[in-house]
Each structure stands twice: as C-alpha cells, then as structure tokens.
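Beneath this line is the structure, given in structure tokens, with notes to follow.
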2 protein chains.
Amino acid sequence: MNPIEELRYLILAAQREGSRTFTELLKPLGLTTSQSEVLRVLYDHEPLSLIEVGQLLVCETGSPSRLVGRMVEAGLIEQRQSPVDSRKVQLSLTEKGRDSAIKIKDIENHFYGTLTPILEGRPVKDLIELLWIQVKGKPTGKALALRKAKQGESSNA
Amino acid sequence: MNPIEELRYLILAAQREGSRTFTELLKPLGLTTSQSEVLRVLYDHEPLSLIEVGQLLVCETGSPSRLVGRMVEAGLIEQRQSPVDSRKVQLSLTEKGRDSAIKIKDIENHFYGTLTPILEGRPVKDLIELLWIQVKGKPTGKALALRKAKQGESSNA
DNA sequence: CTAAAATCAATGACATATCATTGATTACAC
DNA sequence: GTGTAATCAATGATATGTCATTGATTTTAG
C-alpha cells in the first residue's frame, strides 16, 4: 500500500479510535467529545459569541449553532444577547458547565497520561511539525493556532 | 499546550482538512468520501456481504447498512441475497459503480501526488508506526490490516 | 432432532458535520 | 444620512457515525 494512502487511513483510524476511547471516558459526565471541546474553550476564553466559539473549535468549522443550542438546553451554557451588538450572542458557562469543564480537564489529563509511555522516545516534535504543515492556514489549523496564542493571555487557560 | 494534547487536536484537524480537500476532489463524481471508500473496497474485494464490507472500512465500524443502502439507490451497488446464507446479502458493483471506482483511483493518485513533495524528507515512517500503535487490535486498525493483507490475494487490488 | 445461542441486516434514536439560505442587525461608502 | 455590503445566528437539507434493538436465519450443543 502507498505510504501516503496508509497515512491517510491511519489518521482517520487514529482519530476514530482516540475519539472512541475519549467518549468512553466522558460517559460518566454525559457529554460528547464535541461538547467537551466547547466547554473547555468557554472555560478558557468566556465570554464568547457563537462565531468566536466556532473559530476556536477544531471539531466543527462554521458556527456551531446546534451544538451550542443543545448545551444551552442541557443547562451547561448561558446565552444572552450581546449588549454592544444585538446580532451577537454572549455565551458563558453556567455553574454546571464550569463544574463539568473542570472534570473534563481531569479526564483529559488522565487520558494524556495513559498515552505518555507509548509516545516515550518517539519524535513527537517532528510529528507535530508534520501535521501542522497539513493544517496551517486552514480553518481547523487557525482554530488551534488561536487557542495556542490565547493561552498566555487568558486568566483561566 | 501539552504536546500530547496538541497531537490529539492535530490528528483531528489533519483528518478534517484532508477530508475536506478530498471531498472537493470527489465533487465532480457526486460522491462522498465514505462512499468512495466503499466503492474502492468493493472494487478490490467484491462480492462481499454487508458485514464484510464493514470489517474492511475505516470510515465506519459496524455494519454500514444505510451507507450502502444509499449507494444501492444511487445505482452504484447491486444487492442480492446470498445463495448460501439467506441472512447475508451479496454486494457487488454495477457498471456505474465500477466506472466510479476507477475514477476514484485516479483522483486518489492525484491527491497522493500533491502530498508527496510536502512529505519529502519528513519522518512519515515514524508517524505511520506511531499511529499503528494507536489503532492496532481496534476495529479500524483491523480493517486496515485486513485490507493490507488482502492486497496480494485479490485479482483487482 | 430441537432448543438455545450466535449471526446478520435493518432500523430507531441521537449527535454530529457540512453547505446553503434566510432574516435581522451593523458597518461602510458616498 | 442613506443605500449597499458585510456580519451574525438560526435553520433546512443531506450524509455521516455510533449504539441499541429487532426479527429472520443459521449454528451448535445435547
């Protein structure tokens, strides 16, 4: 098999299997992986408008109306109209949302911990660099770059 | 940002961006990336039952009833009952399906060709090796391993 | 042989993902 | 200031993905 083809399918496979594992870890919280990403983004950068959340998400490009809508219904996110621009909404975490975000952090750290020994001695830096080439300048790459850049600024990040 | 967390999001991002690019390339054929994977699997290994197709797919675990169902409706796949086991269906490509599969091969090769210079000199082998560790023994890893193993056997692969 | 277990495909239920359109609101060109 | 363009959120439409259940069929244990 062509190595690039193999790489293509392996990236899909790794994404799916990682997602399956993480989904399992999130089950006690009753949250999906996408929902957990939204909670983490809001925890670090709230308040945000819908479009700003979208610009920070890797899991979904465009405006995550329905994803956020379900989380508002679930009492995780508070949504009000922006005082300065009535086109925008102001999204922030509820108490429940903040609690969940903190628990997600723990779960993530546990998840990363299980992966650490496997990655030991591997050229992780090179791999990160290689993947960055594929996403740089594209929506998901911009989202991730924005999150990395914002990390220093925020009080919660 | 934790390198493992960065890697996690980069894999998701690379998968999404690659999929977006490939989707664009498939647009002239009116096919989705999942549909193209089914066509390629059937082209190489037909006839297959629904569950056998599922075991060879990375894009979807379990039995891809609805994915295949839409392709039968679209005239890409022929579906009949298995003569030996009436629980099973026999899936094979129609003329249209076979034509599409051949065109997909060309598009894939073009796609891989555009990636070749970018990956030149990069630790692609290391990345492939690392990703294999993540998926080995899991459904998508088994699917990919099966496809690699079957490559020598089949007349079409 | 026959009852229980296993297999297979279809389908219900739910949550994404993606693209396009719509309607309200704001920014901007002049 | 006003008409036009741009922005924002919501929603329709379509196709995935995932898990669970169901009903038909086959296998298997005895």
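Predicted, not measured: the structure shown is a model, and the values here were computed from it.
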Starting at atom [atom1] of [X], determine the distance to atom [atom2] of [N], rounded to an integer number of angstrom.
X: B:F22; N: D:dT16; atom1: CZ; atom2: P; value: 13 Å
X: A:E52; N: D:dC8; atom1: CD; atom2: P; value: 8 Å
X: B:L57; N: D:dT16; atom1: CG; atom2: C1'; value: 13 Å
X: B:L48; N: C:dC8; atom1: CG; atom2: C1'; value: 15 Å
X: B:L67; N: C:dA10; atom1: CG; atom2: C1'; value: 14 Å
X: B:L31; N: D:dT16; atom1: CG; atom2: C1'; value: 15 Å
X: B:I51; N: D:dT25; atom1: CD1; atom2: P; value: 17 Å
X: A:M71; N: D:dA10; atom1: CE; atom2: P; value: 14 Å

[X] side chain near [N] phosphate (N/O to OP1/OP2, under 4.0 Å):
X: A:S34; N: C:dA17; answer: yes
X: B:T61; N: D:dT18; answer: yes
X: A:T32; N: C:dT16; answer: yes

Legend entry - Quiz item: cation-pi between B:R147 and A:Y9, 6.0 Å / 45°: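 Checked: cation-pi criterion met.
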Legend entry - Cation-pi, A:F111 ring and B:R8 (6.0 angstrom, 45 degrees):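 Not satisfied by the 6.0 Å and 45° rule.
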Legend entry - A:T23 vs A:R66, nearer the 5' end of DNA chain D by closest nucleotide: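 Looking at DNA chain D, the more 5' nearest nucleotide goes with A:R66.
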Inset, instruction - Nearest-nucleotide wise, let me know which of A:R20 and A:L50 is further upstream toward the 5' end of DNA chain D. - result: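 The 5'-side residue here is A:L50.
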Legend entry - Test item: B:E52 side-chain N/O and B:S49 main-chain N/O as donor-acceptor pair under 3.5 Å: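 Answer holds: yes.
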Salt bridge between [X] and [Y], side-chain N to carboxylate O under 4.0 Å?
X: B:K103; Y: B:D99; value: no
X: B:E17; Y: B:R20; value: yes
X: A:R16; Y: B:E60; value: no

Inset, instruction - Can you figure out which of D:dG17, C:dA10, D:dT16 approaches the side chain of B:R70 most closely? - result: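 The nucleotide sitting nearest to the side chain is D:dT16.
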Inset, instruction - Return the nearest nucleotide to the side chain of A:E60; candidates are C:dT18, C:dT16, D:dT18. - result: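 Nearest to the side chain of A:E60 among the choices is C:dT18.
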Inset, instruction - Classify the nucleic acid contact of B:Q79 as base, sugar-phosphate or nothing, counting any heavy atom under 4.0 Å across all strands shown. - result: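 Sugar-phosphate only.
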Legend entry - Interface residues of residues 83-91 of chain B with DNA chain D (non-hydrogen, below 4.0 angstrom):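 B:D85, B:S86, B:R87, in order of number.
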Legend entry - Test side chain to side chain contact (heavy atoms under 4.5 Å, CB included) applied to B:V135 and B:V58, step by step: CA-CA 11 Å; B:V135 304; B:V58 177; over 6 Å; no
Legend entry - B:S65 or B:K27, whichever maps to the more 5' nucleotide of DNA chain C: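 Per heavy-atom nearest nucleotide, the more 5' residue is B:S65.
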